[in-house]
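All remarks here apply to the structure that follows.
Positions are given from 1, in the same order as the sequence printed here. In listed order, ligands and their atoms are each counted from 1.
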Amino acid sequence: MLTKEQFFQIKQIIYDAGKLIENVDEITNQKDIKSKGGISNIVTKYDSMVQAYLVEKLGNLLPDAHFLGEEDGMSDTDTGNGYVFIIDPIDGTTNFVCGFMLSAISVGVALDGKLIAGFVYNPFRNEMFYGIEGMGAYLNDKPISIHDKSLKDSVVIFGQVPYNPELRDAAYELSKAVTYKTMDLRELGVASLCLCYAACNRCAVYASPRLSVWDYAGAYTIIKEAGGELCSFDGSPLKLRSKVSVLGGAKTALSEFLELSKQTAERFI
Ligand code: IPD
Ligand code: CA
Ligand code: CA
């Protein structure tokens, strides 16, 4: 098992990776935006730069580890054996391109197919969320824990499906049903941070009809260690694979959401 010291070294490497993007100005800098297919599926040179930096530095720290990363042909790595770093170098690329300053570097650490730690860092707000199995969840080194709450006690962040237009009707129908049960809906365009916002009580739950493993791997242990739950829209445990619906947050709000989503869960598979 990784030592506490090694976990803190991982955190420091992610902080340092944040320096690669925190001062990028959306107007004066060429982000070198490329399409990965479709108008919303884009990548910038910074996505690749951050991923390469993390692979190099984390690889030096843990030479036996494997890497699964969203970019540059690293997305098919088997997560079942040994240590695997699951990296979304910039979660919220569209926010990054549009200058929202609401994006995150997200790194999940899996051991033999099970997530044991996660780090989600928004360098633009200097907010570092992390969670380590058995050691708690933190925001900027201060412990965080979820106060159980109902949907009506807070907002729900409901993710859009930019890469899956075929899911839009079902997603809008479900989100409409949710509006009658909650204070209000939000969509921030950065799944990993939204899950962390549930972990620190900024929302009741985050729900996304379709995510890839790198979108939620970093936040998984943070929510768990904060006392929350994660599952898919049918209530089944989250599988460590891409293309799943993801619901995470306070237990009571989550079970209320499931009352609504279970009826239509097969539409999101
Ligand atoms: C996206 C964001 C967004 C979510 C999408 C993700 P990316 O990640 O997390 O909030 O709705 O499903 O793909 O492409 O910006 O890394
Ligand atoms: Ca992402
Ligand atoms: Ca990304």
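The atom of Asp215 nearest to the Ca ion (ligand 2) is OD1, with the search restricted to N, O or S atoms. Taking the Ca ion (ligand 2) as reference, the nearest N/O/S atom within Asp91 carries the name OD1. When you scan the N, O or S atoms of Glu70 for the one nearest the Ca ion (ligand 3), you land on OE1. Note on Asp88: its N/O/S atom closest to the Ca ion (ligand 3) is OD1.
Between Ser192 and ligand 1, no pair of N/O atoms sits closer than 3.5 Å. Ligand 1 has no nitrogen or oxygen under 3.5 angstrom from a nitrogen or oxygen of Leu211. Of the N or O atoms in Ala191, one or more lie within a sub-3.5 Å distance of an N or O in ligand 1.
Under a hydrophobic clustering in which Ile, Leu, Val, Met, Phe, Trp and Tyr are joined whenever their side-chain heavy atoms come within less than 4.5 Å, directly or via other members, Ile87 and Phe7 fall into the same cluster. Under the 4.5 Å side-chain heavy-atom criterion for ILVMFWY residues, no single connected hydrophobic cluster contains both Val84 and Val55. Linking ILVMFWY side-chain heavy atoms closer than 4.5 Å, directly or via other members, places Leu195 and Leu193 in a single hydrophobic cluster.
Atom 13 (O) of ligand 1 has as its closest protein heavy atom Tyr163 CE1, 3.0 Å. Atom 5 (C) of ligand 1 has Pro162 CG, 4.1 Å as its closest protein atom, hydrogens excluded (heavy atom only). Closest to atom 2 (C) of ligand 1 among all protein heavy atoms lies Asp91 OD1, 3.4 Å.
Those atoms of ligand 1 with a heavy atom of Thr93 less than 4.0 angstrom away are 15 (O). Close approach to Val190 involves these atoms of ligand 1, each under 4.0 Å from a residue heavy atom: 9 (O), 10 (O). Listed by number with element, the atoms of ligand 1 under 4.0 Å from a non-hydrogen atom of Gly189 are 2 (C), 3 (C), 10 (O). Near Gln160, meaning under 4.0 Å from one of its heavy atoms, ligand 1 places the atoms 11 (O). Each of the atoms 16 (O) of ligand 1 lies under 4.0 Å from some heavy atom of Asp88.
Note: Tyr130 and Tyr121 fail the aromatic proximity criterion, with ring centroids not under 6.0 Å apart.
Residues Ile105 and Leu54 are in side-chain contact: their nearest non-hydrogen atoms beyond the backbone lie under 4.5 Å apart.
Considering every non-hydrogen atom in both Val50 and Leu20, the closest pair reads CA-CD1, 4.1 Å. Here the closest heavy-atom approach between residue Gly228 and residue Ile146 is recorded as CA-CD1, 3.6 Å.
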Residue pair Ser212, Glu70: steps toward the side chain to side chain donor-acceptor pair (under 3.5 Å) verdict: CA-CA 9 Å; Ser212 294; Glu70 181 182 7; over 6 Å; no

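Side-chain atoms of Asp234 and Ser236 include a donor-acceptor pair closer than 3.5 Å.
Enclosure of atom NZ in Lys224 by more than 12 non-hydrogen atoms of other residues, nucleotides or ligands within 6.0 angstrom is indicated.
For atom 6 (C) of ligand 1, the choice among Ile90, Asn164, Asp215, Val43 with the nearest heavy atom turns out to be Asp215. Among Ser106, Pro209, Ser208, Gly92, the residue whose heavy atom sits closest to atom 15 (O) of ligand 1 is Gly92.
Remark: Arg267 engages Glu173 in a salt bridge, criterion side-chain N to carboxylate O under 4.0 Å. Between Asp112 and Lys114, none of the side-chain N atoms (NZ, or NE/NH1/NH2) sits under 4.0 Å from a carboxylate O, so this pair counts as no salt bridge.
The Ca ion (ligand 3) does not have Trp214 among its coordinating residues (no N/O/S atom, backbone or side chain, under 3.0 Å).
Contact annotation: for Arg210 versus ligand 1, heavy atoms closer than 4.0 Å belong to the backbone alone.
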